Each structure stands twice: as structure tokens, then as C-alpha cells.
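Step one of this worksheet: look at the structure below.
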Amino acid sequence: MKQISWNSQGIDMPELDFDAVEKWIADVASRQGRGVGQIGYLFCTDEKILEVNRQFLDHDYYTDIITFDYSDSHIISGDIVISLDTVRSNADQFVQPYRRELLRVIIHGILHLCGIDDKGPGEREIMERYEDESLEMIGL
């Protein structure tokens, strides 16, 4: 059974080499001392991620990613919902190539599953450092 699943709802699936991305995810997780269990990605629209945010987190705002963590010990597992609309607007806002921003968000969810947070004091900078290191691993 495949460990990582890729799905889309209401939007075209992004063009990525998913085999290479899965290897990269495993490498990043391994660097964090973790193995990869079942991970489900859902690419969606802003409206869908807003619905998920309201329904499951009681948040009433748009976001680029929501990560549901089901990890057990050193095996990461979870569901990761990504709004491709927000990824595109963030890429434009931060003057980054869309592919780079998409891969940054994909690995951001994995880093959360590895236990890296970004909400507390100083945590955002730590998360960004790990994101940058991970992007370097895939040649970006």
C-alpha cells in the first residue's frame, strides 16, 4: 500500500514529479529522525480550505495549509490540506516561483508532523530555516 496519497478537489492536480517529491519527503523526515507512515495530501481551493478551517478548527479565515497530525512515536502520519489558490497568491506576493512555494508548503506540513511548530516565540524562524534546508535538498 502506498504511504503517500495525492488528491485534489475542485482544482487541477499540480504538475509535480510525485515519486521524486515522495523520496524528498522521506529524506526530510529521516533527517528529523522520523519514518513516513500514511500521509494524505488534498489540494483544493480557497473556499474548500476555509470550509475545513471552520469545520475542524473553528477558524474563520483562509490559509495555505492545514495539517492534521496522526503521528505515532517516530512514524509521521497525517492529512495535509493545501489551498493551491493561496499558494499561488503567496508566490506572487513573495515574488517566488509557484513551484518553489508549492514545495515549501508541501514540506511545511511534513515538518509539522515531525514536531516543528511555528506559532510560538522564535518558532517561525526555526520553521523557515528547516523549510529552506529542505528546499535545498530538492535543488531549490
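Keep in mind that the numbers below use all heavy atoms, side chains included, and drop hydrogens, waters and symmetry copies. Position 1 is the first residue of the sequence, and the numbers go up from there. Just so you know, these numbers come straight off a predicted model, no measurement behind them.
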By salt bridge (Lys or Arg N to Asp or Glu O under 4.0 Å) - contacts of E128 (at least two apart)
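Scan of E128 (salt bridge (Lys or Arg N to Asp or Glu O under 4.0 Å), adjacent residues dropped) gives R124.
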Ignoring hydrogens and geometry, is there a side-chain-to-backbone donor-acceptor pair from R34 to I75 under 3.5 Å?
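A pair under 3.5 Å: no.
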Does G120 offer a backbone N or O that forms a donor-acceptor pair with the side chain of E123 under 3.5 Å?
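Checked: pair present.
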List the atom of [X], the atom of [Y], and the distance in Å for their closest heavy-atom pair.
X	Y	result
S5	G40	OG-CA, 3.4 Å
S77	G37	OG-CA, 3.6 Å
M127	D118	CB-CB, 3.9 Å
I76	L113	CG2-O, 3.3 Å

Out of curiosity, [X] [atom1] to [Y] [atom2], how far, rounded to the nearest 0.5 Å?
X	Y	atom1	atom2	answer
L135	E101	CG	CD	9.0 Å
E133	M137	CD	CE	9.0 Å
I116	H112	CD1	NE2	9.0 Å
S134	W24	OG	CH2	6.0 Å
R31	L111	CZ	CG	11.0 Å
I25	S30	CD1	OG	13.5 Å

Checking R100 now: which residues fulfil side-chain hydrogen bond (donor to acceptor under 3.5 Å, both in side chains) with it, not counting sequence neighbours?
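Only Q96 meet the side-chain hydrogen bond (donor to acceptor under 3.5 Å, both in side chains) criterion with R100.
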Quick one: do the D46 and T86 side chains pair a donor with an acceptor below 3.5 Å?
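D46 vs T86: donor-acceptor pair found between side chains.
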Under the ring pair (Phe, Tyr, Trp, His ring centres under 6.0 Å) test, which residues partner Y41, sequence neighbours left out?
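Applying ring pair (Phe, Tyr, Trp, His ring centres under 6.0 Å) to Y41 gives W6.
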[Y] and [X], any side-chain heavy atoms less than 4.5 Å apart:
X	Y	value
Y130	C114	no
C44	V81	yes
I106	I80	no

Test side-chain contact (heavy atoms from CB on, under 4.5 Å) on V87 and I82 and set out the steps.
CA-CA 8 Å; V87 168; I82 295 174; 3.7 Å; yes
Enumerate donor-acceptor pairs with a distance under 3.5 Å from any side-chain N or O in residues 60-70 to protein atoms, sequence neighbours excluded.
{"from": "D60", "atom 1": "OD1", "to": "R54", "atom 2": "NE", "distance (Å)": "2.4"}
{"from": "D60", "atom 1": "OD1", "to": "R54", "atom 2": "NH2", "distance (Å)": "2.8"}
{"from": "Y61", "atom 1": "OH", "to": "H59", "atom 2": "ND1", "distance (Å)": "3.0"}
{"from": "Y62", "atom 1": "OH", "to": "E47", "atom 2": "OE2", "distance (Å)": "2.8"}
{"from": "D64", "atom 1": "OD2", "to": "R104", "atom 2": "NH2", "distance (Å)": "3.4"}
{"from": "D69", "atom 1": "OD1", "to": "S71", "atom 2": "N", "distance (Å)": "2.8"}
{"from": "D69", "atom 1": "OD1", "to": "S71", "atom 2": "OG", "distance (Å)": "2.7"}
{"from": "Y70", "atom 1": "OH", "to": "D79", "atom 2": "OD2", "distance (Å)": "3.1"}

When clusters are formed by joining ILVMFWY residues with side-chain heavy atoms under 4.5 Å apart, either directly or through shared neighbours, do [X] and [Y] land in the same one?
X	Y	value
L42	I39	no
L102	V28	yes
I49	I107	no

So R88 and D92, salt bridge (Lys or Arg N to Asp or Glu O under 4.0 Å) or not? Walk me through it.
CA-CA 6 Å; R88 180 154 316 277; D92 292 344; 5.7 Å; no
Report, one line per pair, each donor and acceptor closer than 3.5 Å where one atom sits in a side chain of residues 9-20; sequence neighbours left out.
{"from": "D17", "atom 1": "OD1", "to": "D19", "atom 2": "N", "distance (Å)": "3.3"}
{"from": "D17", "atom 1": "OD1", "to": "A20", "atom 2": "N", "distance (Å)": "3.2"}

Can you list every pair that meets ring pair (Phe, Tyr, Trp, His ring centres under 6.0 Å) and has a residue in residues 77-101, with sequence neighbours left out?
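Listed once each, the pairs would be none.
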For side-chain contact (heavy atoms from CB on, under 4.5 Å), just list the numbers for V52 and Q55, CA-CA rounded to whole Å, side-chain angles, deciding distance to a tenth of an Å, and then say yes or no.
CA-CA 5 Å; V52 170; Q55 181 178 357; 5.8 Å; no
